[in-house]
Amino acid sequence: MSDANRPPLAITMGDPAGVGPSITVSAWNALKGEADCAFFVIGAPDLYQGEVPTQTISDPSEASGVFGSALPVLPLDAFPLPVRGQPDSRSAPAIIASIEQAAAFCLSGAADAVVTNPINKALLYAAGFTHPGHTEFVAALCNTATGRAAQPVMLLTGGGLRVALATIHIALKDVFTTLNMEDLVKLGKIVDTAMRQDFGLTSPRLAFTGLNPHAGENGTIGREEIDIINPAADQLRSAGIDMSDARSADTVFAEARDGRFDAIISMTHDQGLIPVKTLDMWGGVNTTLGLPIVRTSPDHGTGYEAAANGTARPDSLIAAIRQARLIAGHRKETA
């Protein structure tokens with residue numbers, strides 16, 4: 001099956017008061033001539049009408065046929081449209097429904113991948129949203145549908161780097177009690193599998209960062225490398241995975257840029273995101289590994305201020321769409 005004949009990508013609405021509508025319009029304008037990037041958005045048609053030609057569809061199968069001339073929109077139940085830049089809790093049920101529908105289409109094969117526009121979790125809690133974040137919600141939807149417990153892993157790409165995170169949204173002081181060898185081994189296996197099936201690498205080379213400065217300097221400024229990270233690397237190498245011992249975080253990203261490593265597993269959130277965002281602030285992509293579906297998203301938030309003043313940039317969404325198509329293609333090749 002050629003890329004042009006594959007199912008389209010499903011784009012979620014995101015928070016309609018944020019940058020989601022405007023960057024979706026800009027992404028369609030940039031990609032409408034590329035049949036392999038055909039997508040449809042699950043949202044309110046009025047969010048996009050007047051900006052670009054739109055076509056309401058009732059099924060994902062209709063999207064590819066109209067994508068070249070109009071933005072395909074699969075409508076949600078009506079809800080009050082917010083003013084751009086002014087979040088409205090009445091949008092919450094529709095935001096959640098958009099994510100649920102996109103995941104369901106992907107799980108059924110009607111869509112090749114889900115690309116999620118940014119949400120504001122605090123806005124959704126009153127509507128019954130109980131998950132720590134977007135990633136966990138998508139994973140829960142997959143788990144319910146398949147009956148299997150997926151372990152979602154955040155991978156950030158940009159600036160020539162692929163960086164997975166061992167810990168994400170926890171206080172820095174809690175990293176030292178959260179980090180453990182078992183989870184690092186599981187994470188290493190998920191990243192290795194993803195590099196092969198999602199990115200088409202036959203012999204991926206992975207690296208752990210150290211947690212402490214200079215990777216602990218042989219235990220003189222911290223023992224996490226000796227007691228946790230390096231033993232996890234030993235287990236992964238025993239399983240046939242090309243994984244380095246903990247490497248100093250102030251040099252390993254440069255080593256990856258020079259071609260020594262294909263992906264890095266960072267011990268903390270900021271340790272991994274700072275180099276990616278420094279090198280590619282506008283075009284980074286958040287990809288969720290470890291799921292039975294392909295999910296990518298822009299590497300930024302709702303951007304209410306940018307939505308209000310019309311300065312939102314679509315670079316990250318465009319990159320997320322391209323990456324979703326790339327990964328979906330690799331998965332079909334290795335299935």
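One side chain, Ser58 or Glu62, offers a donor N or O that lies under 3.5 Å from an acceptor on the other. No side-chain donor from either of Asn218 and Thr220 sits under 3.5 Å from a side-chain acceptor of the other. Using modelled atom types and a 3.5 Å distance limit, the side chains of Thr268 and Asp270 yield no donor-acceptor pair. Side-chain atoms of Ser266 and Gln271 form a donor-acceptor pair, as typed in the model, at a separation below 3.5 Å. Side-chain contact, Arg295 with Thr135: a donor N or O sits under 3.5 Å from an acceptor N or O.
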TODO: Could you give me the CA-CA distance, side-chain angles and deciding distance for Asp112 and Lys332, then say whether salt bridge (Lys or Arg N to Asp or Glu O under 4.0 Å) is met?
DONE: CA-CA 10 Å; Asp112 248 4; Lys332 288 181 185 296; 3.2 Å; yes
TODO: Test side-chain contact (heavy atoms from CB on, under 4.5 Å) on Val294 and Val114 and set out the steps.
DONE: CA-CA 6 Å; Val294 178; Val114 175; over 6 Å; no
TODO: Let me see the working for Val153 and Lys186 under side-chain contact (heavy atoms from CB on, under 4.5 Å), right down to the final yes or no.
DONE: CA-CA 10 Å; Val153 170; Lys186 290 179 182 177; over 6 Å; no
Open item on the list: Could you go through Met195 and Leu206, starting from their C-alpha distance and side-chain angles, then the distance that decides it, and tell me whether this counts as side-chain contact (heavy atoms from CB on, under 4.5 Å)?
Closed with: CA-CA 9 Å; Met195 291 301 108; Leu206 311 181; 4.1 Å; yes
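Of all heavy-atom pairs spanning Met267 and Phe208, the tightest one is CE-CD2, 3.6 Å. Shown here for Gly188 and Ile241, the closest heavy-atom pair between the two residues is O-CD1, 4.3 Å. Across Phe79 and Pro16, no two heavy atoms sit closer than the pair CE1-CG, 4.0 Å. When all heavy atoms of Phe39 and Ala63 are compared, the pair lying nearest together is O-CB, 4.4 Å. Minimum interatomic distance between Arg322 and Cys37 (heavy atoms only, all atoms of both residues): NH1-SG, 4.2 Å. The shortest non-hydrogen separation linking Ile318 to Ala30 is CD1-CB, 3.7 Å.
When side chains are defined from C-beta on, Val19 counts as touching His300, because their heavy atoms get closer than 4.5 Å. Counting heavy atoms from C-beta on, the side chains of Pro72 and Val41 never come closer than 4.5 Å. Side chains of Asp299 and Lys277 form a contact here, defined as non-hydrogen atoms less than 4.5 Å apart.
Of the possible polar contacts, none joining the Gln101 side chain to the Ser98 backbone as a donor-acceptor pair under 3.5 Å is found. Between the side chain of Ser316 and the main chain of Gly283, no donor-acceptor pair closer than 3.5 Å is present. Distance alone, capped at 3.5 Å, is enough to place a donor-acceptor pair between the Glu225 side chain and the Leu211 backbone. Of the possible donor and acceptor atoms, one in the side chain of Arg196 sits under 3.5 Å from a partner among the backbone N and O of Thr202. Checked by atom type and distance alone, the side chain of Asn120 pairs as donor or acceptor with a backbone atom of Ala122 at under 3.5 Å. For Ser108 (side chain) and Phe105 (main-chain N/O), a donor-acceptor pair under 3.5 Å exists by modelled atom type. In this structure, Asn117 contributes its side chain and Thr12 its backbone to a donor-acceptor pair below 3.5 Å. Remark: side-chain polar atoms of Trp282 are not paired, donor with acceptor, to backbone N or O of Arg313 under 3.5 angstrom. In this structure, the side chain of Asn309 engages the main chain of Glu305 through a donor-acceptor pair within 3.5 Å. Proximity of a side-chain donor or acceptor of Trp28 to a complementary backbone N or O of Ala38 within less than 3.5 Å is not detected.
When Thr302, Asp88, Ile95 are each tested for a side-chain contact (heavy atoms from CB on, under 4.5 Å) with Leu123, only one passes: Ile95. The salt bridge (Lys or Arg N to Asp or Glu O under 4.0 Å) with Arg237 is formed by just one residue from the set Asp192, Asp245, Asp242; it is Asp245.
Counting non-hydrogen atoms of other residues, nucleotides and ligands closer than 6.0 Å to CG of Asp258 gives a total above 12. Atom NZ of Lys189 has 12 or fewer neighbouring heavy atoms from other residues, nucleotides or ligands inside a 6.0 Å radius. For Asp59, the CG atom counts as densely surrounded, since its 6.0 Å shell holds more than 12 non-hydrogen atoms of other residues, nucleotides or ligands.
Taking a cutoff of 4.0 Å between a charged side-chain nitrogen and a carboxylate oxygen, Arg325 and Asp36 do not qualify as a salt bridge. Looking at Arg205 and Asp262, a side-chain N of the basic residue comes within less than 4.0 Å of a carboxylate O on the acidic one, giving a salt bridge.
With sequence neighbours excluded, no residue satisfies ring pair (Phe, Tyr, Trp, His ring centres under 6.0 Å) with Tyr48.
Both the sub-6.0 Å distance and the 45° axial angle are satisfied by Arg162 relative to the ring of Phe199.
Below 30°, between 30° and 60°, or above 60°: for His169 and His269 the angle between ring planes is between 30° and 60°, a tilted geometry. Between His131 and Phe137, the angle of the ring planes lies from 30° to 60°, which puts this pair in the tilted group.
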